[in-house]
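Every chain is numbered from 1 and lettered A, B, ... according to where its sequence line falls, protein lines coming before strand lines.
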Number of protein chains: 2
Amino acid sequence: MATIHDVAKLAKVSIATVSRVLSHPEKVSPKTRQLVVEAMNQLDYRPNSMAQNLRRLQSNIIIALMPDIKNPFFSEVFRGIEDRAREAGFKILVGSTDRNKEKEKEYINLLKESWADGVILTTAEIDRRFIDELAQRRPLVLACEYIPGSPYPSVSIDNESAARKITKHLILQGHKRVAHIAGPSSIILSVARLTGYLQALHQSGLIEDEALIQEGDFTLQSGYDLANKLLSLKNPPTAIFAANDEMAIGAMKAIQDKGIRVPEDVAVAGFDDINVASFVTPSLTTIRQPRYKIGQTSVDLLLKVINHEPLDQPQIVLEDELIVRHSTTLNPELVM
Amino acid sequence: MATIHDVAKLAKVSIATVSRVLSHPEKVSPKTRQLVVEAMNQLDYRPNSMAQNLRRLQSNIIIALMPDIKNPFFSEVFRGIEDRAREAGFKILVGSTDRNKEKEKEYINLLKESWADGVILTTAEIDRRFIDELAQRRPLVLACEYIPGSPYPSVSIDNESAARKITKHLILQGHKRVAHIAGPSSIILSVARLTGYLQALHQSGLIEDEALIQEGDFTLQSGYDLANKLLSLKNPPTAIFAANDEMAIGAMKAIQDKGIRVPEDVAVAGFDDINVASFVTPSLTTIRQPRYKIGQTSVDLLLKVINHEPLDQPQIVLEDELIVRHSTTLNPELVM
DNA sequence: TTGTACGCGTTATCAT
DNA sequence: ATGATAACGCGTACAA
């Protein structure tokens, strides 16, 4: 691998000149510049980034932490992060934390080792110590989640109002007993969606029923299991709103396995609009989040913080959209 | 951020001793070691990894290249890669190439900049120039794909025999007209699966029908579109084998949208056994690949190459499994 | 415009 | 057992 010295020797100039050709070409006379460029090409020279990093004391790496990249929701957010970061000359290191304290600690250590220039966190727990510890060391941006009263920049939708919106859609279809399969209560956005659900009930004059609220873990299996639990209630729900699409798909499966029809007997709604949502049968009513854009925007925000640019709007809220499909209605006029 | 000098000063030793405490503790007397450790703790010192990298001329980074991490198949392979790499003290840089020449080139450049110690490639095109260019610079391992006659270490299943197996399963259910929705013909494993499909037909005395073979791109939508095309044939198939689960799910959707029943009228089989495969209705018959293990194993292999250890078996073939579910049969005895 | 020389924070060699 | 010092490859202040 050719170094800057090899290029300098071949072009018969000093290493300083070679370096300048790359960083400040205008400070080098066209003639020598030409010479140097030729030498670079001849040797296929690339500056060693490890040396650049050390010298500049920055790595051009962003760490993207998420609970699990296998989750299709996160993986699309991640693509937004990845693509925008690459455009800006940054590399992305992914970390799946599995919401595991040990692993989280490893990533904090990475920051202590000056490993990255910033962090994007795509989920947040009620327990904010982890976030605080990260933010204390490097610029941090929250994607997907907004923590009320928190100082950290964030990009998200309004989970509460979106949940309210989709719950009201179910109520408008005539449902009086609407169940909710929530996400883990330790996660902030789970709480926001649950809150939105409850608000919709109250605003519609319905009373909540403890038995109709179950806490899942965002997996297909938990949706399946909890729907079964709901269906075996003596007074089962006629509609189920799951806090994400995977739990909703699991719930639909449980319902159909029992020979019950969706949406005629039980309506099902999800959240996120993952790709497969429109390809299950019946297709799934859900809230569409601009996942890719959330990822992109969080990188934009983070880069501003890294470059000490002022943020005119630290907490960005993007638009969501209610997507009505066949899992909640047979009325073709409602379905997009 | 404290440096080695700060620690040395506080512990009243030289930086060499501090460094030794970390790398070769046995060469330092217990007494001074104790002193140094205390100073480290007091300053919360971590060696700067950029400096370590430069000095050691290695980055402890592995690049994992895949067409698109959004694909649930790759994302689980990726988790295997990520977890095993972390155990070994390596970090993972993900690159989604989208099979785009421009992006591929960027990653080659990363290697030229000494950015990574090795590369794991999770898909391979018939055009081997990209692979060759990568392998020329850094140790490379292929995950998911085996290139016949290639010198590169790889971890995969036997795609050909697996495709043969699942096609035969369909034929055993009495189907005479079995269609295949293939993956892009430029991808090696698509060809392998197509070959297996054809072999099964021939071995069963069935003749192939050009019209029953359609080329998709592994997306839900392409499965949907191509199934529609197959169904509108004057002599439509009674079974469809798609080269991955997503196309199979898209195909099922197309069939069901037409009011046709799966599996009674048309049977559908996929490939990969992604999570959602058992949660669609009817549940999807497919080939289970040990995705997570493929990822792990590819890291093991790569680390051996990086450390110049001999490989007793450069091309590793893992076991796959036929998972029969309700999309191909109503016989409860067959379904696991 | 170009070159010299120092420093970024480590690790490792060679003395002591 | 410990310390001084030379790299690792690059960027830049300063000198020429």
Between B:S49 (side chain only) and A:E113 (backbone N and O only), is there a donor and an acceptor less than 3.5 Å apart? yes
Remember a base hit wins even if backbone is also touched, and classify B:T32 as base, sugar-phosphate or nothing at under 4.0 Å, heavy atoms. sugar-phosphate
Please report, rounded to the nearest Å, how far the P atom of D:dG11 is from the CG atom of A:N53. 10 Å
Nearest whole angstrom, please: distance from the C1' of C:dG9 to the CH2 of A:W115. 15 Å
d(CG, A:L54; P, D:dT12) in whole Å: 13 Å
Taking only side-chain N and O atoms of A:T17, does any of them lie within less than 4.0 angstrom of OP1 or OP2 on C:dG3? yes
Is B:L303 close to B:F90 at the side-chain level, that is, under 4.5 Å between some pair of heavy atoms? yes
For nucleotides 10-16 of chain C, give me one character per nucleotide, 5' to 3': B if any protein heavy atom sits under 4.0 Å from the base, S if the only such contacts are to the sugar-phosphate, - if neither. BBB----
Counting only side-chain nitrogens and oxygens, does B:S29 get under 4.0 Å of the OP1 or OP2 atom of D:dA1? no
Is a donor from one side chain sitting under 3.5 angstrom from an acceptor on the other, for B:T123 and B:E145? yes
A:S59 side chain to A:N53 side chain, donor-acceptor N/O pair below 3.5 angstrom: no
For a quick check of understanding: with a heavy-atom distance under 4.0 Å over all strands, which category does B:L57 fall into, base, sugar-phosphate or nothing? sugar-phosphate
Tell me, do B:R20 and B:P25 make a side-chain contact under 4.5 Å, heavy atoms counted? no
Over how many whole Å does the gap from A:M50 atom CE to C:dG9 atom P extend? 17 Å
Length of the CD-C1' vector between B:E26 and D:dA1, whole Å: 12 Å
State plainly whether the residues B:R79 and B:E82 are in salt-bridge range, i.e. N to O under 4.0 Å. yes
